[in-house]
Every structure is written in structure tokens, then in C-alpha cells.
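Just so we're clear, the structure is a prediction, and the values are computed from it rather than from any experiment.
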Amino acid sequence: MQNIYSLKQNLFLYLTPRQKSQLLSYLKSFIKKYSNLSADDIFDKFIEEENYYNDIENPHFEFIIEFLESEDFYKDFKLYAKLVFEELKYKEAQKPIIEAQKAKAKEFRKKAQDFKMSKMKPTKKQLYYYEKVAKAHGITMKETSNASRLDLRNWIMDIIEPKELEDNDD
């Protein structure tokens, strides 16, 4: 099959470039919206909708009213629908790869944040919160003079998380 760009160039040749752009953009979202239907059913739904809006004198695209019944419009619509369906299928096939990339990126950002926190001194609020949490749970505080923000965050989480697990068991 031809590439997407050359195929788009050969569709709806009876429209101006601006009209064609508007129509293709709308058709893409319309086809995606009804992607569970066949191309013929989507075409029928599109024609029905455009005729409805034309009847109430508020058409989406005045410039295609005269072409709605033409065979060329039907062929162009079907070709474009096929192209959109292939694009959707391709995106669906790429989904696991993209999700894996997102997970790796998230993990990398977390490691980068942890590294940054390991080089920074804890804030006064963090020290105060650690002190309050340790007292509330009856845990002896660790030496905080050489601790980093990462250390304090981990210590606080070690205190809080086991408590949450015990609360869930009740």
C-alpha cells in the first residue's frame, strides 16, 4: 500500500487544500469514534449526520453537500477509512512497546530523583516530621546530622508503611 502522505494527496481532489484538511481531520476523529463499525456503516452514519445538519441548515461542511451522493466521495471515504483503521491497528500493536518505554522512563526518573535527594540535606520540615512520626510510633530516632533527604524519606516510610499494613489486617 502507498504511504500515508501520498494516499492523502490522492483523496478528495475536488476540494481545496483547506477544505480537504478540515474534512480529513473531522473524518479521522469520526472514524475513530465509530471504529467498531465497518467502513460502509461509518459512511452511512456520516452521510446521515451530514444530511441531518444540512436539513437544519447548520452543515458541518457546506462544501461537500454536493459530493455526498457521488461515487468518488464514497471511494475516497472508504480508502481513508481503511487508512485510519490500519493506523489504529498499528497503534494498538505498538501499545505494549510504548507502555514498556513509559515504565522504563518512570523508573529512570525515580532513580534520578533518588540520586538528587541523596545529595541534598534534609529540610527543617522533613526533620520535624521525622521526629514527630518517630515519637508517635515509639521508635528511637537515628542520627540525622549526616543524613540526606533520601535517608529521611526512607526512614519515615519504614516507620509509616508497617503501621499501615497492621491497620489493614484489622
*asked:* Tell me whether N51 contacts the main-chain N or O of I47 through its side chain, where contact means a donor paired with an acceptor under 3.5 Å.
replied: yes
*Step through the shown structure and confirm whether more than 12 heavy atoms of other residues, nucleotides or ligands are within 6.0 Å of CG on N36.*
yes
*Is a side-chain donor or acceptor of Q19 paired with a backbone partner of T16 at a separation under 3.5 angstrom?*
yes
*asked:* For a quick test of reading the model, state the closest non-hydrogen atom pair linking Y26 to H60 and the distance between them.
replied: OH-CE1, 3.5 Å
*Can you sort out the partners of R153 under salt bridge (Lys or Arg N to Asp or Glu O under 4.0 Å), two or more places apart, ordered by chain and number?*
D114
*Is any side-chain heavy atom of Y130 less than 4.5 Å from a side-chain heavy atom of I159?*
yes
*Counting only N and O atoms by type, is there a donor-acceptor contact under 3.5 Å from the side chain of S148 to the main-chain atoms of D151?*
yes
*Decide yes or no for P59 and I65: does some side-chain heavy atom of the first lie under 4.5 Å from some side-chain heavy atom of the second?*
yes
*Check step by step if ring pair (Phe, Tyr, Trp, His ring centres under 6.0 Å) holds for F12 and F67.*
CA-CA 10 Å; F12 305 108; F67 301 112; 9.2 Å; no
*Approximate separation, where rounding is to 0.5 Å, of E131 CD and L152 CG*: 11.0 Å
*Please round to the nearest 0.5 Å and tell me the distance separating atom CG of L83 and atom CG of L24.*
9.0 Å
*asked:* Atom CZ of residue position F85 - does it have more than 12 heavy atoms of other residues, nucleotides or ligands inside 6.0 Å?
replied: yes
*With sequence neighbours excluded, tell me which residues meet ring-ring contact (aromatic ring centres under 6.0 Å, His included) with F46.*
F30, F77
*Any chance you could measure K142, atom NZ, to N154, atom CG, to the nearest 0.5 Å?*
9.0 Å
*Same cluster or not: are M117 and I156 linked, directly or through other Ile, Leu, Val, Met, Phe, Trp or Tyr residues, by side-chain heavy atoms under 4.5 angstrom apart?*
no
*Working to the nearest 0.5 Å, report the span between NZ of K91 and CD of E86.*
13.5 Å
*Of the non-hydrogen atoms in A147 and W155, which two are nearest, and what is the gap between them?*
CB-CH2, 3.7 Å
*For E62, does the CD atom have more than 12 heavy-atom neighbours from other residues, nucleotides or ligands under 6.0 Å away?*
no
*Taking atom OH of Y128 as the centre, report whether more than 12 heavy atoms of other residues, nucleotides or ligands fall under 6.0 Å from it.*
no
*asked:* Can you tell whether the side chains of K95 and E99 come within less than 4.0 Å, N to carboxylate O?
replied: no
*Does NZ or CZ of K45 fall inside the cone over Y34's six-membered ring, less than 6.0 Å from its centre and within 45° of the axis?*
yes
*Y53 with I31, same ILVMFWY side-chain cluster at under 4.5 Å*: no
_Side chains of Y74 and D40 only: does a donor on one sit below 3.5 Å from an acceptor on the other?_
yes
*Cluster link I64 to Y52, ILVMFWY, side chain under 4.5 Å*: no
*Within the side chain of R149, is there an N or O that forms a donor-acceptor pair under 3.5 Å with the backbone of K121?*
yes
*Hey, what do you get for NZ (K20) to CZ (F63), rounding to the nearest 0.5 Å?*
12.0 Å
*Could you tell me the separation between the CG atom of L11 and the OH atom of Y80, rounded to the nearest 0.5 Å?*
8.5 Å
*Indicate, with yes or no, if M157 and L150 share a hydrophobic cluster defined by side-chain heavy-atom contacts under 4.5 Å among Ile, Leu, Val, Met, Phe, Trp and Tyr.*
no
*Could you tell me whether the side chain of K78 reaches within less than 4.5 Å of the side chain of F43, counting heavy atoms only?*
no
